[in-house]
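Below: one structure, written as structure tokens.
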Amino acid sequence: MTEKLENKIFEPLFSIEGIENIEVYEEHGGYKALREALKMKRDEIIEEVKNSNLRGRGGAGFPAGMKWSFMPMDDKIEKFLIVNADEGEPGTFKDKYILSRLPHLLIEGMAITAYAVGIKKGYIYIRGEYEEYARILEKAIEEARRKKYIGKNILGEKFTFNIVVHRGAGAYICGEETALIESLEGKRGHPRLKPPFPANAGLYGKPTLINNVETIASIPAIIKNKGFWFASLGSQKNGGTRLFGVSGKVNSPGIYELPMGTNLKEIIYNYAGGIKKDKKLKAVIPGGISAPILKADEIDIPMDFDSLMKAGSMLGSGAIMVFDEDDSMLEVLRIMINFYHHESCGQCAPCRYGTDVIKKLVDKILNKEATEEDIDLIIQTAQSIIGKTICPFGDAVGMAVGTLVRKFKDEILDFLREENAES
Ligand SMILES: Cc1cc2nc3c(=O)[nH]c(=O)nc-3n(C[C@H](O)[C@H](O)[C@H](O)COP(=O)(O)O)c2cc1C
């Protein structure tokens, strides 16, 4: 284990009993970063976030400091902050640890962010199923309001910031930032064409900063320890630690906070205890279902945004799904396309029709009525969706489905041949 592993942001707090209560959070240094931030100049805070190399933890990995600097600094303009707590990407279960155990870390991060960017109102858009966590957040917000960490004249300063918790209604697409904004406005969650980006015209047409839960919850540590410290925890251009959620055929599934850039093989074999029953590893999805699958011989790779992109995949939400020799990749494909087919919002024809065509072809394979040409047609259809839709949902379908079918075509062919042998 390297020295870097001693430097963690979330895990030491997770282990403190009662940390979701404000008094316990304060006893362990809670809200000190907000006090410090209020003494800083606003552009100094943004500079620290830039120095930290913090990249968005929601999926795309966009540099947080840069995104903040796109917001207009004029305080006469009404602006909004939205925390994306939709956590809809299949395989992902990291944000719920922050929402349930560290609501005050998130609130503190939101208050610092709002102060730095000159925002008076923030929303937490939380997935509908997280009803219990929404209640925990509401209670924490009330506690923070009573102690003057949010509300009017925060800690006696001329700074006002309020937070509203808004529960989603169960659509995956509402995790996409512009669909989320539409949904928050009370409309159907259809993504908007970009530009304009939310920083220019977001919620109610006003400049809006939108970040993931883990991104915003990293802010207090950056203020306390400074941006370069945070940057030094991770790898080049990928600052900090990351909450990796490991699931599937490993001995110890769960959340592991590790430096950005930790080797995927090390995460699976050293931290998550290796493959169950000593079976052979078959494949890994490294960042939620939208991240193109890696074969067993492709997992010797640093888990950061750039390395995975180079390998033709994505770090995404950091959700690592592990499959062993007994897992059927055709079954993974079936689950994947049923999900995308169900969740496509239907706004763009390539995505609406493409997911339908692929689903029918997969059903044809499962019914043992398909030929090799049908398998190739899935790959072509998947490819034809990429770059043709308003939001990245279409790219995700195209890349995730196309890669899986390309890499495991032989297994699908074997499945079809088995039938021929039987008949
Ligand atoms: C279909 C789709 C679903 C998404 N779901 C989520 C989600 O559940 N949570 C999230 O934080 N980001 C999600 N995103 C990414 C958001 O659009 C956006 O990039 C993110 O909230 C920005 O925050 P960040 O820069 O801190 O990552 C999704 C994107 C797409 C295309």
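Read the numbers this way: they start at 1 and go in the same order the structure lists the ligands and their atoms.
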Report summary line: Of all protein heavy atoms, the one nearest atom 23 (O) of ligand 1 is Asn212 N, 3.2 Å
Query - Cys391 near ligand 1 by a heavy-atom separation under 4.0 Å - result: no
Query raised in the report: Do the ring planes of Tyr125 and His166 sit parallel (below 30°), tilted (30 to 60°) or perpendicular (above 60°)?
Result: parallel
Report summary line: For atom 12 (N) of ligand 1, the closest protein heavy atom turns out to be Asn84 ND2, 3.1 Å
Query raised in the report: ligand 1 and Tyr172, any nitrogen or oxygen pair closer than 3.5 angstrom?
Result: no
Query raised in the report: Under 3.5 Å, N or O to N or O, is Asp95 touching ligand 1 that way?
Result: no
**Report entry** Neighbour count >12 (heavy atoms, 6.0 Å) for atom NZ, Lys237
**Finding:** no
Report task. Walk me through it: do Glu36 and Lys32 pass the test salt bridge (charged side-chain N to carboxylate O under 4.0 Å, His left out)? Result -> CA-CA 6 Å; Glu36 272 177 50; Lys32 274 196 183 142; over 6 Å; no
Requested in this report: If you have a sec, work out which protein heavy atom is nearest atom 18 (C) of ligand 1 and how many Å separate them, to one decimal?
Outcome: Glu177 OE1, 3.5 Å
**Report entry** Check: Gly88 N/O within less than 3.5 Å of ligand 1 N/O
**Finding:** yes
Query raised in the report: Any idea which protein heavy atom is nearest atom 22 (C) of ligand 1, and the distance to it?
Result: Lys67 NZ, 3.4 Å
Query raised in the report: So which heavy atom in the protein is nearest atom 3 (C) of ligand 1, and how far is it from that ligand atom?
Result: Glu176 N, 3.6 Å
Report summary line: Filtering Gly58, Ala396, Gly175, Ala85 for the heavy atom nearest atom 16 (C) of ligand 1 leaves Gly175
